[in-house]
Amino acid sequence: MTQETGGFAAFNLNPNILAAVIATGYEEPSAIQQQSIPIIMAGQDMIGQAQTGTGKTAAFALPILHCIDPAKREPQALILAPTRELALQVATAFETYAKQMPGVTVVAVYGGAPMGPQLKAIRNGAQIVVATPGRLCDHLRRDEKVLSTVNHLVLDEADEMLKLGFMDDLEVIFKALPATRQTVLFSATLPQSIRAIAERHLRDPQHVKIQTKTQTVTAIEQAHLLVHADQKTSAVLSLLEVEDFDALIMFVRTKQATLDLASALEAKGYKAAALNGDIAQNQRERVIDSLKDGRLDIVVATDVAARGLDVPRITHVFNVDMPYDPESYVHRIGRTGRAGREGRALLLVTPRERRMLQVIERVTGQKVAEVRLPDAQAVLDARIKKLTNSLSPLVADAESTHGDLLDRLTADIGCTPRALAAALLRKATNAQALTLAAIEKERPLVPNNAPRGDRPERTGDRPDRGDRERRAPVPLAEGRARCRTALGARDGIAAKNLLGAILNEGGLAREAIGRIQVRDSFSLVELPEDGLEKLLTKLKDTRVAGKQLKLRRYRED
Ligand code: AMP
């Protein structure tokens with residue numbers, strides 16, 4: 001066990017839960033976890049003021065899992081979430097943390113899916129039920145005893161539930177639960193309506209709030225970019241094209257993410273390395289020294305590993321994953337703008353994290369301006385500028401050293417100096433795309449903040465129209481075909497799993513694979529049209545996350 005996991009070890013959680021947490025790559029508890037886990041483990045009622053991005057799901061999921069009895073095959077914990085999307089997310093988090101607890105099952109109960117299998121899963125002894133209030137009430141109408149064994153209740157995003165009009169449903173659910181249960185309420189805000197619920201239904205609750213002091217960050221220019229989680233690597237690569245940086249630090253949340261992102265950057269030719277709590281101290285020092293003296297330009301780090309890092313060369317901080325709280329944001333971006341220099345900080349924000357962005361703006365008292373992904377023209381301009389900057393110092397004396405050779409080569413080859421210079425440029429730029437059309441073709445992202453039929457952040461589970469599945473398709477690049485697999489986020493699939501499987505088993509180059517979009521119940525992958533049938537046959541038996549990939553050509557119409 002590394003030194004950093006000591007943070008989680010100190011809670012004395014069931015060792016199987018601790019092992020699963022370590023396996024996810026978390027290095028230390030976030031502030032809300034630090035405070036909430038002991039209270040919930042002790043069986044006390046609690047009100048937690050925290051929003052998405054603070055690690056609140058694990059803050060209740062870990063202690064709840066610790067408290068349940070896996071041997072009892074009956075519902076013991078009920079988590080209420082405002083939307084189907086959040087319910088699924090919470091259920092997946094529970095499954096991750098319960099991976100090493102044999103016999104523990106989790107069921108997600110939400111509108112838009114048939115009721116029969118949900119009820120069956122509950123009756124079959126799922127210990128954890130994650131539900132949206134509307135659908136749960138439908139179940140209660142069929143079987144009012146279905147929740148009679150629940151002794152832990154969590155209301156997640158309680159303010160959102162009230163906004164969506166679930167007040168009456170909540171009252172019905174409270175009545176259906178044993179009065180002796182433990183109740184935990186999480187909410188980003190605590191309006192009077194939430195306080196009233198707490199007063200009526202919680203017993204002597206402990207209050208947990210992450211204190212946020214106002215902080216100032218003046219010398220640093222800040223910006224944010226809205227992006228879907230599975231587009232982060234592509235977004236980072238696009239931003240790097242146009243940002244004029246010297247050295248750069250990128251922050252992510254897990255050890256695995258440091259490794260994945262650092263290798264994606266290295267593959268694109270950047271001098272990048274990962275820095276995380278698993279890396280031995282002397283190796284960490286080597287990485288930092290390399291960043292100082294220019295052998296490395298980019299370090300991808302977790303918060304823990306970057307503690308105390310002071311490298312004056314750092315001109316940019318990329319917050320690839322959202323920090324847990326504004327203090328940690330301020331701390332991270334303080335890695336740049338050192339010694340009176342100017343610094344620039346970029347924050348990637350997924351649609352669900354917009355609220356966290358507002359909190360950061362409030363606490364720092366500064367607007368974090370929105371930027372968009374650079375379009376093909378901006379990428380082209382940046383590439384040409386780099387080329388100009390690298391060549392212009394050479395022209396002064398290159399003619400005297402290589403002029404005669406040029407004459408000889410043009411004569412030997414029988415071409416014009418212009419043709420020869422063009423050939424040399426192609427070679428010198430490694431055939432990098434240097435026309436608008438070529439750049440548009442290679443870029444996996446559409447330079448827009450709402451590239452994929454972005455939708456309102458939340459939809460209640462009633463009426464549930466499955467709009468997540470119906471986002472507008474993005475136009476395909478020429479020569480690409482879109483393929484579909486029935487594996488999606490709910491199967492534990494991430495874009496990198498699909499990419500890895502297709503690269504390994506299909507024998508393709510990374511550039512041959514276009515956008516990968518992972519949805520709850522399916523994923524889309526863009527592949528070369530040329531040779532597609534052969535490729536699909538090659539991938540026929542490929543498995544991802546233990547399941548058959550079964551990739552098929554997908555037609556929108
Ligand atoms: P939440 O605020 O619960 O929506 O969590 C936000 C994200 O943080 C999720 O992707 C979690 O997997 C991740 N996360 C939660 N706790 C930790 C931790 N202690 N270390 C690293 N990542 C975490």
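We count residues from 1, following the sequence as given. In each ligand, atom 1 is the first atom listed, and ligand 1 is the first ligand listed.
- A donor-acceptor contact under 3.5 angstrom links the side chains of Glu171 and His201, judged on distance only.
- Considering backbone and side-chain atoms together, Thr254 places no N or O closer than 3.5 Å to any N or O of ligand 1.
- Just one residue in the list Leu13, Asn16, Asn14, Val104 forms a side chain to side chain contact (heavy atoms under 4.5 Å, CB included) with Leu65, and that residue is Val104.
- Residue-to-ligand polar distances place Gly55 within reach of ligand 1: an N/O pair is separated by less than 3.5 Å.
- Below 4.0 Å from some heavy atom of Phe8 lie the following atoms of ligand 1, by number and element: 19 (N).
- Checking Glu243 against His316 by side-chain atom types alone, a donor-acceptor pair falls below 3.5 Å.
- Within the 4.0 Å cut-off (strictly below), a protein heavy atom is located near atom 14 (N) of ligand 1.
- Counting protein heavy atoms only, atom 8 (O) of ligand 1 is closest to Arg253 NH1, 2.2 Å.
- With hydrogens left out, the protein atom closest to atom 18 (C) of ligand 1 is Tyr324 OH, 3.0 Å, a heavy atom.
- Between Arg135 and Gln118, the side chains place a donor N or O and an acceptor N or O closer than 3.5 Å (distance only, hydrogens not considered).
- Within the 6.0 Å centre-distance limit, the rings of Phe60 and Phe186 are counted as a close aromatic pair.
- Scanning the protein for heavy atoms near atom 3 (O) of ligand 1, the closest one is Thr57 OG1, 2.6 Å.
- For ligand 1, the polar-atom distance check finds an N/O of Lys56 within less than 3.5 Å of one of the ligand's N/O atoms.
- Ranking the protein heavy atoms by distance from atom 11 (C) of ligand 1 puts Tyr26 OH, 3.3 Å first.
- For atom 19 (N) of ligand 1, the nearest non-hydrogen atom of the protein is Glu28 O, 2.8 Å.
- Between the side chains of Gln89 and Thr92, not a single donor N or O lies within less than 3.5 Å of an accepting N or O.
- Counting heavy atoms from C-beta on, the side chains of Arg253 and Thr302 never come closer than 4.5 Å.
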Practice task
Step by step, work out the side chain to side chain contact (heavy atoms under 4.5 Å, CB included) result for Glu85 and Arg352.
Solution key: CA-CA 10 Å; Glu85 188 190 10; Arg352 286 182 44 79; 4.0 Å; yes
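- Only the side chain of Gln33 comes within 4.0 Å of ligand 1, judged by heavy-atom distances.
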